[in-house]
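Structure first, then comments.
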Amino acid sequence: MNVGVLALQGDFLEHKQMLRDLGAQPVEVRLPGQLDGLDALIVPGGESTTIGKLAVTYRLLEPLREFARHKPVWGTCAGMIMLARNIGRDQPLLGLMDITVNRNAFGRQVDSFEIDLDVPALGPQPFRALFIRAPLVTAVGEGVEVLARLDGQGIVAVRQGHWLATAFHPELTGDARFHRYFLGEMSGLLLAE
Ligand code: GLN
């Protein structure tokens, strides 16, 4: 099973390691042709304005949208912003998911934090989530499933069919359950125990 990680900017190396640990073959994607033969794709965290600009430069936006029509895609943090349809400002996006996202909703880099989240789809154990200049989902359309909320603040993980978005960074905290959920539950790929 070949799982692409968009490797234009951001923390794609950490996702690759997580994928390897689960027995998947990670593939760095920088050019449209590199999407061929992939079973799923992860859009990592980083800086969504930079990722968007580079995606335009490398003529990736349309091929990525085309790929995402039938294949599972997961965006973390900046990746969540890339997947959103509406972020209230003009920058290049994939614009797939019917969600409204507020960038940098928690303030600046120094306002980054870690917290235990209740994510019923992953089981009873709380999920330790790391928020780094994270976005927040402020509205969801029909057909969008809310997977996690941050107490009193809003929505931080959503699924719409074969698309997943998390405002935090499961690739950085050593708990592979979100990667397992994406690969196993959503992509139907067989994972090593
Ligand atoms: N604040 C960044 C953005 O707007 C996202 C930060 C992240 O991915 N950790 O793109």
Side-chain angles (χ1 to χ4, degrees), residues 1-87 90-99 101 103 130 132-135 157-192:
M1 73 187 152
N2 297 314
V3 179
V5 184
L6 191 64
L8 298 174
Q9 188 265 343
D11 73 335
F12 53 91
L13 294 177
E14 287 77 2
H15 274 294
K16 284 178 68 185
Q17 189 54 50
M18 225 11 147
L19 292 169
R20 258 185 238 111
D21 292 347
L22 292 174
Q25 177 67 47
V27 178
E28 291 187 7
V29 173
R30 292 191 184 81
L31 297 169
Q34 293 166 330
L35 290 165
D36 294 348
L38 298 182
D39 298 303
L41 178 81
I42 294 177
V43 182
E47 188 54 49
S48 61
T49 50
T50 307
I51 294 172
K53 251 185 231 161
L54 291 172
V56 171
T57 304
Y58 291 106
R59 300 191 199 294
L60 263 170
L61 281 183
E62 212 36 64
L64 285 171
R65 288 185 191 121
E66 184 55 37
F67 178 86
R69 281 178 55 188
H70 304 291
K71 298 283 176 69
V73 178
W74 173 19
T76 58
C77 203
M80 169 187 259
I81 297 166
M82 289 299 299
L83 293 194
R85 259 192 222 157
N86 183 7
I87 64 162
D90 193 21
Q91 70 182 61
L93 300 173
L94 295 174
L96 300 168
M97 295 181 76
D98 194 2
I99 55 176
V101 167
R103 284 183 66 203
L130 176 60
I132 306 171
R133 281 206 307 131
V158 285
R159 173 178 176 177
Q160 183 175 4
H162 58 289
W163 300 326
L164 175 68
T166 52
F168 46 93
H169 290 269
E171 72 283 11
L172 294 179
T173 41
D175 184 341
R177 282 180 295 158
F178 253 110
H179 287 77
R180 276 187 185 282
Y181 177 80
F182 177 64
L183 297 177
E185 193 110 342
M186 291 183 57
S187 312
L189 303 172
L190 276 180
L191 301 174

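Everything numeric in this text was worked out from a predicted model, so none of it was measured. Along the sequence shown, residues are numbered consecutively beginning with 1.
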Q: Taking the side chain as every heavy atom from C-beta outward, state whether Q17 and L13 have any atom pair closer than 4.5 Å.
A: no

**Q.** Side-chain touch F12/E28, heavy atoms, less than 4.5 angstrom
**A.** yes

Q.
Could you check, using the six-membered ring where one of them is a Trp, whether H179 and H15 have ring centers closer than 6.0 angstrom?
A. yes

Q. Taking only residues two or more places apart in sequence, or in another chain, which ones meet E185 in a side-chain hydrogen bond (donor to acceptor under 3.5 Å, both in side chains)?
A. none

Q: Any chance you could measure R65, atom CZ, to L93, atom CG, to the nearest 0.5 Å?
A: 8.0 Å

Q: Please examine the side chains of F168 and T173, heavy atoms only from C-beta on, and report whether any two atoms are closer than 4.5 Å.
A: no

Q) With a 4.5 Å limit on heavy-atom distance, are the side chains of Y181 and L164 in contact? A) yes

Q) So, the side chain of Q34 versus the backbone of V27: is there a donor-acceptor pair under 3.5 Å, distance only? A) no

Q) With a 4.5 Å limit on heavy-atom distance, are the side chains of K71 and L41 in contact? A) no

Q. What pairs with D11 under salt bridge (charged side-chain N to carboxylate O under 4.0 Å, His left out), at least two apart in sequence or on another chain?
A. none

Q.
With heavy-atom distances below 4.5 Å as the criterion, would you say the side chains of I81 and Q91 are in contact?
A. yes

Q. Do P170 and W74 touch side chain to side chain, with heavy atoms closer than 4.5 Å?
A. yes

Q) Residues in salt bridge (charged side-chain N to carboxylate O under 4.0 Å, His left out) with R103, at least two apart? A) E47

